[in-house]
Amino acid sequence: MPSPRGLSVRWRTTLAATVVVGVALGLGSVAFSSIVERSLVDGVTETAERDADTVASLLEGSGSTMLPVLDEALVQLIDSTGAIVETSADAEDWTLPAAPSPKRADVGGSLYLLVTQPVTIDGASYELRVALPLRDALDSADTVRRLLAIAVPVLLVLLAAVIWFVVGRALTPVERIRARVDAIGPGDLGARVDVPPTGDEIARLATTMNRMLARLDSAAAAQRRFISDASHELRSPLASIRQHAEVARAHPDRLSGTELADVVLAEGIRLQDLVDQLLVLARLAETGGALTRKPVDLDDLALGEARRLRDTSALTIDSSGVSAARIEGDERLLARVLRNLADNAARHAQSRIALAVGLRGGEVEVVVEDDGAGIPASDRDRVFERFVRLDEARARDTGGSGLGLSIVAEIVRAHGGRVAVEESALGGARFVVTLPA
């Protein structure tokens, strides 16, 4: 027989319920039979005491020691010396023992219930002893025990059968769901489980499984798109390097070594940047939003980006809106947010970029805006998707890889914040990052 851990839910439920009910019925049967026996014995005791009272009243009233006839009772009158003065016909062959009243006593090999009572007849003191047989009461209690010994196992068998049937019926839809989900392969994630119209826990389980399958299908589709887009993005600079290398080898006079080196260096930098961004996305997906948090001064990060842009571009950088603001977060990832937003603004700005950081109603708000062409309202959600570049006609060296803003969205989401793009007063795009202070 398999171990309890290896048993099915149906087996475990049936066994557990049967054992629990069996123990309860067993204890109840013992208690019930004891109560029945005690009640029957108490009834015999009450009868014996009542008979003793009746006989004592008759003797004291008549002044005679002659005993009345009582059904099934053994009666003896004992004087102060312990001698038997009178005895009923059934008790002539025995002497009822002196015992505390009431008391079970063996009389002639049979069990009796004995009660004693003092009696005064014509000034003389006697002891009246009355005994009633206990055999009928004890036999009745034994009959109850035997009936219970038969009824309890029968009830347990019936209970186990009912539980086995009910649990089996209840688990049949679960097994159907399990078999259906088990049959769904990697290429069948669009399949769904049939939801029974019962509205109970089984229906909710099927609905939950369908939601899980939908999430898996969506994740698999996103992964396929990501792999396809990443492969395309990686293939383009590699193809450019190969094309220039082939031209340089076939026609050395058309492409000098310096020009080839410049192309290889530029495409290598693009490849490195793309790989770095892919690694950032991979780490974010791997940690699932679990970040190493410590106090981070966002104003210092914003001012650092403003200095970098002034040193590397001819744009006018306005950082007058940067004020002190601190949050708990991953400094390296938050610096990536400022870097990506700044680089995005630098690619699209015509002459001016503005950076601002400050507290707004218990939250920290980071704003990066430019005076470029802006982003149409219909595309403001799409810009945060991976590998999305709205202006496909732009040269690749100015268009970026399409991962920067998606990385911003992932990092901000991991920090419990939100990011949105609006129209800037400068005429271009205004990116607003809101983080918990």
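Heads up: numbering here begins at 1 and tracks the sequence.
Side-chain contact between L134 and L40 is absent, with no heavy-atom pair separated by less than 4.5 Å. In this structure, the side chains of L334 and H415 come closer than 4.5 Å at one or more pairs of heavy atoms. Proximity of I353 to D318: side-chain heavy atoms (C-beta onward) are nowhere separated by under 4.5 Å. With contacts defined as side-chain heavy-atom distances shorter than 4.5 Å, the pair L113/R104 qualifies. F384 places none of its side-chain heavy atoms less than 4.5 Å from the side chain of S406. A heavy-atom distance below 4.5 Å is not found between the side chains of T47 and V44. Between R192 and D217, the closest side-chain pair of non-hydrogen atoms falls below 4.5 Å.
With hydrogens and angles ignored, the 3.5 Å screen pairs a side-chain donor or acceptor of S57 with a backbone N or O of D53. At least one donor-acceptor pair under 3.5 Å links the side chain of S88 to the backbone N or O of V75. Using modelled atom types, no side-chain atom of E363 and backbone atom of A437 make a donor-acceptor pair closer than 3.5 Å. At distances below 3.5 Å, not a single donor-acceptor pair connects side-chain atoms of H244 with backbone N or O atoms of A239. R310 contributes a side-chain N or O that, together with a main-chain N or O of I317, makes up a donor-acceptor pair within less than 3.5 Å. Side-chain atoms of D371 come within 3.5 Å of backbone atoms of Q350 as a donor-acceptor pair (strictly under, hydrogens ignored). Checking side-chain atoms of N210 against main-chain N and O of V193 turns up a donor-acceptor pair under 3.5 Å. With hydrogens and angles ignored, the 3.5 Å screen pairs no side-chain donor or acceptor of D297 with any backbone N or O of D300.
Side chains of R169 and T172: no donor on one and acceptor on the other come within 3.5 Å. Residues R204 and T198 have side chains that never bring a donor and an acceptor to within less than 3.5 angstrom of each other. The closest side-chain donor-acceptor pair between S323 and D299, if any, does not fall under 3.5 angstrom.
R10 and G168 make their closest contact through NE-CA, 3.4 Å (heavy atoms, listed as atom of the first residue, atom of the second, distance). Contact record, L132 with A48: CD1-N, 3.4 Å, taken as the closest heavy-atom pair.
Salt bridge present: R178 and E175 bring a charged side-chain N and a carboxylate O closer than 4.0 Å. Using a 4.0 Å cut-off between charged nitrogen and carboxylate oxygen, D370 and R352 do not count as a salt-bridge pair. With respect to E305 and R307, no salt bridge is recorded, no charged nitrogen being found less than 4.0 Å from a carboxylate O. Classification of K294 and E328 as a salt-bridged pair fails, no side-chain N sitting under 4.0 Å from a carboxylate O. Taking 4.0 Å as the cut-off between side-chain N and carboxylate O, R50 and E46 do not count as a salt-bridged pair. For the pair D142 and R145, the salt-bridge criterion is met [side-chain N within less than 4.0 Å of a carboxylate O].
In the displayed structure, D139 atom CG is contacted under 6.0 Å by more than 12 heavy atoms of other residues, nucleotides or ligands. Open room surrounds CG on D381; 12 or fewer heavy atoms of other groups in view lie less than 6.0 Å from it. Under a cut-off of 6.0 angstrom, the local environment of CZ in R242 is sparse, with at most 12 non-hydrogen atoms contributed by other residues, nucleotides or ligands. Shown here is E423, whose CD atom has no more than 12 heavy atoms of other residues, nucleotides or ligands within 6.0 Å.
Looking at L355, V322, V357 one by one, the single match for side chain to side chain contact (heavy atoms under 4.5 Å, CB included) with L303 turns out to be V322.
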With side chain to side chain contact (heavy atoms under 4.5 Å, CB included) as the test, would you mind laying out the steps for L405 and N344 before giving the verdict? CA-CA 8 Å; L405 294 181; N344 180 75; 4.1 Å; yes
Might you work through the side chain to side chain donor-acceptor pair (under 3.5 Å) test for S218 and R215, ending with a clear yes or no? CA-CA 5 Å; S218 177; R215 289 193 297 268; over 6 Å; no
